Structures are given as structure tokens and as C-alpha cells.
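FYI, the numbering just counts along the sequence from 1. A quick note: this is a predicted structure, and the numbers were derived from the prediction, not measured.
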Amino acid sequence: MSRFRNAVSARDNHIFTLRLVCGMLFVALLTASTGWMLAPRNLTIHNPPDLRSGSTKKWWEVPPSTVYSFAFYIFQQLNAWPKDGEVDYPAKIAQMSPFLTPACQDFLNKDAEFRTNSGELKDRVRVVYEIPKRGYSSKSVEIKSEDEWVARLDLVADEYYHTEPVKRAMVRYPIKVIRWEGDPERNPFGLAMDCYDGVPQRLEAMPVQAPEKKTGVFQ
């Protein structure tokens with residue numbers, strides 16, 4: 001009789017052990033599922049453009065080359081007025097707003113208003129591009145901190161009135177860039193342009209072929 005009782009007791013103990021293990025597995029599964037749900041869906045990792053040799057770096061560090069290319073892309077887009085600057089300039093500011101800090105967007109909107117009231121934008125076509133042989137170098141980006149940089153862009157700014165060229169200037173623009181972890185759907189770069197870190201420096205000026213009015217703050 002005792003043999004049957006021992007068998008039943010052993011069976012009950014085994015069942016209890018299995019239930020305990022199942023409970024522990026359930027807790028482990030719940031913990032893993034919670035961690036998976038809380039993990040970020042996307043990570044923005046900045047890779048330097050030259051990958052011929054391997055490199056080791058922290059994933060949240062932003063290479064200076066990425067800062068430079070971001071600053072150049074946003075600034076070039078802001079200054080791309082294909083038909084009429086009076087319409088194109090404000091439209092570009094609105095279009096690129098996810099990549100601008102609120103202070104910079106306000107600065108650009110005031111500049112657009114000033115230049116419109118001065119008659120500088122009506123029927124103006126504008127484009128900017130890099131000065132040949134003055135593209136990115138190790139001195140093009142100043143690292144202020146791990147979240148703030150200054151990109152120096154040496155660019156040519158061409159303006160036309162309809163089809164007539166009226167302005168060509170070679171300018172160094174000190175563009176301030178900051179880390180901007182806002183809306184990754186609208187700004188996948190995780191960076192934002194904070195306008196100028198000083199006064200743009202005229203490198204070389206070309207004579208215009210038609211008189212123009214006084215320029216605004218956003219050259």
C-alpha cells in the first residue's frame with residue numbers, strides 16, 4: 001500500500017515541478033515579449049561614405065562628413081528657386097521645415113518677408129552649388145559637442161531675373177547643425193539646421209549684369 005502512495009506522491013511532485021517550470025517559462029516569455037515591444041523599431045546609424053576600410057565607432061556618433069552632406073543638402077534645397085523666388089522661397093521653407101529648428105524657420109520666414117517687401121524675389125531664379133575643388137575636407141566641419149556642429153560651405157550663388165543673370169557670389173556659409181530627435185517619419189536624419197553660426201563671408205564677387213536692389217539677411 002505504501003508503495004502505491006509513494007508512486008502517487010512522486011507523480012504529484014513531478015506534476016508540481018512541471019507546473020513550476022511552465023510558470024517560469026511563461027514569465028520568461030512575458031519578459032522577452034515586453035522587451036521586444038519596448039525596443040525601438042528603427043535606429044539611425046550614420047556610416048561614413050568611404051567604407052574601403054573597417055571602422056569601429058559608437059552608433060549614436062554622427063561623422064563630420066554626414067553633418068556636411070546634410071547641411072549642404074538642406075541649404076541647397078532652400079536656395080533652389082526654379083521659377084519665382086517670391087513663391088518658391090516660402091514654399092521651400094515650408095517643405096524643409098522638418099529639417100529646421102523653430103528659430104531657424106522663423107528667421108527664414110522673416111527673411112522671405114523682408115526680401116519680398118524689398119522686391120528682391122519677384123521672378124527671381126536662384127541656385128547654389130559647391131565651388132569647384134572646395135568641397136568637403138577635414139576642416140569643413142567644426143565639432144562643438146556630440147550634439148552640435150558647424151559646417152562651412154563654400155558655395156556659388158547664382159541668381160537670374162527671368163533668363164538674365166543678375167548676381168553671382170562666392171560665399172562661405174557657416175551653417176549650424178544640431179541633433180534633432182524629432183519625428184523620424186519626416187526627418188530620418190535625426191539632425192536639424194539651426195541657420196547661421198556667424199555672418200556669411202564673401203569669398204569672391206562677380207559683377208552683375210543688371211542693377212539689383214539691396215540684399216536681405218539671407219544672402
Side-chain angles (χ1 to χ4, degrees), residues 49 65-136 140-141 149-178 180 182-183 185-197 199-206 208-210 212-219:
S65 57
T66 299
V67 174
Y68 180 89
S69 61
F70 170 82
F72 175 58
Y73 172 73
I74 301 302
F75 190 80
Q76 188 178 52
Q77 288 298 307
L78 286 170
N79 287 273
W81 310 341
K83 295 181 179 180
D84 181 0
E86 192 172 66
V87 176
D88 295 334
Y89 188 20
K92 285 289 186 177
I93 297 171
Q95 177 185 346
M96 306 307 293
S97 61
F99 308 101
L100 306 173
T101 64
C104 184
Q105 188 174 356
D106 182 65
F107 172 84
L108 296 178
N109 284 325
K110 290 180 179 178
D111 178 60
E113 182 180 2
F114 171 80
R115 300 186 70 169
T116 298
N117 294 335
S118 300
E120 298 179 34
L121 299 180
K122 183 65 175 178
D123 295 323
R124 286 291 186 101
V125 175
R126 181 180 173 98
V127 62
V128 299
Y129 51 92
E130 286 183 327
I131 298 176
K133 299 182 180 181
R134 291 194 184 183
Y136 173 76
S140 298
V141 177
W149 307 263
V150 175
R152 295 180 176 86
L153 310 179
D154 291 348
L155 305 178
V156 180
D158 283 347
E159 284 193 14
Y160 300 84
Y161 181 77
H162 294 292
T163 60
E164 294 296 323
V166 295
K167 179 180 179 181
R168 166 166 290 183
M170 297 184 181
V171 183
R172 172 169 294 171
Y173 298 95
I175 305 299
K176 184 177 179 181
V177 178
I178 65 173
W180 192 257
D183 185 355
E185 293 295 330
R186 301 179 65 203
N187 182 354
F189 294 98
L191 303 171
M193 177 176 152
D194 198 24
C195 284
Y196 296 135
D197 187 68
V199 180
Q201 177 185 355
R202 183 68 63 91
L203 299 177
E204 183 178 343
M206 303 296 293
V208 297
Q209 300 184 16
E212 59 174 337
K213 298 182 181 181
K214 184 180 178 181
T215 57
V217 293
F218 196 54
Q219 296 295 316

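Taking CG of Leu155 as the reference point, atom CD1 of Ile175 lies at 8.0 Å (rounded to 0.5 Å). Met96 CE to Asn187 CG: the interatomic distance, rounded to the nearest 0.5 Å, is 9.0 Å.
The shortest side-chain heavy-atom distance between Ile131 and Leu203 falls under the 4.5 Å cut-off. Side-chain contact between Arg124 and Val166 is present, with heavy atoms from C-beta onward closer than 4.5 Å. For the pair Tyr136 and Ser65, the minimum side-chain heavy-atom distance is below 4.5 Å. Trp180 is not listed as a side-chain neighbour of Leu191, based on a closest heavy-atom distance of 4.5 Å or more. The side-chain heavy atoms of Glu86 and Asp123, taken from C-beta on, include no pair separated by under 4.5 Å. Inter-residue side-chain proximity for Trp81 and Val87 is flagged as unmet; no heavy-atom pair is nearer than 4.5 Å.
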Trace of the salt bridge (charged side-chain N to carboxylate O under 4.0 Å, His left out) decision for Glu159 with Arg115:
CA-CA 14 Å; Glu159 284 193 14; Arg115 300 186 70 169; 3.4 Å; yes
Set out, in order, the CA-CA distance, both residues' side-chain angles and the distance that settles side-chain contact (heavy atoms from CB on, under 4.5 Å) for Gln201 and Val199, then state yes or no.
CA-CA 6 Å; Gln201 177 185 355; Val199 180; over 6 Å; no
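Looking at residues two or more places apart in sequence or on another chain, you find a side-chain hydrogen bond (donor to acceptor under 3.5 Å, both in side chains) between Tyr129 and Asp158, Arg168. Lys83 meets the side chain to side chain contact (heavy atoms under 4.5 Å, CB included) test with Asp88; sequence neighbours excluded. Residues that satisfy the ring-ring contact (aromatic ring centres under 6.0 Å, His included) test with Phe70, not counting sequence neighbours, are Phe189. Applying the ring-ring contact (aromatic ring centres under 6.0 Å, His included) test to Tyr160 and every residue at least two apart in sequence or in another chain returns nothing. Take Ser97 and apply the side-chain hydrogen bond (donor to acceptor under 3.5 Å, both in side chains) test, not counting sequence neighbours, and it matches no residue. Evaluation of the side chain to side chain contact (heavy atoms under 4.5 Å, CB included) rule for Gln95 yields Lys92 as partners, not counting sequence neighbours. With sequence neighbours excluded, the residues that form a side-chain hydrogen bond (donor to acceptor under 3.5 Å, both in side chains) with Asp154 are Arg172. Not counting sequence neighbours, Tyr161 has no partner by the ring-ring contact (aromatic ring centres under 6.0 Å, His included) test. Residues passing the side-chain hydrogen bond (donor to acceptor under 3.5 Å, both in side chains) test with Gln76: none are found, sequence neighbours excluded. Glu113 pairs by the side chain to side chain contact (heavy atoms under 4.5 Å, CB included) definition with Asn117, not counting sequence neighbours.
Taking each heavy atom of Gly85 and Pro90 in turn, the nearest pair found is O-CD, 3.6 Å. Of all the heavy atoms in Met193 and Phe75, the pair that sits closest is CE-CD1, 3.9 Å. When all heavy atoms are compared, the tightest approach of Phe72 to Leu153 is CA-CD1, 3.9 Å. In plain terms, the two heavy atoms of Glu130 and Gly135 that are nearest each other are OE2-CA, 3.8 Å.
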Would you give me the side-chain donor-acceptor pairs under 3.5 Å for residues 99-106, sequence neighbours excluded?
residue, atom, partner, partner atom, Å
Thr101, OG1, Cys104, N, 3.2
Thr101, OG1, Asp194, OD1, 2.6
Asp106, OD2, Lys110, NZ, 3.3

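Using cut-offs of 30° and 60° for the angle between ring planes, the Tyr196 and Phe107 rings count as perpendicular.
A side-chain contact (heavy atoms from CB on, under 4.5 Å) with Val128 is found for one member of Val171, Asn79, Leu78 and no other, namely Asn79.
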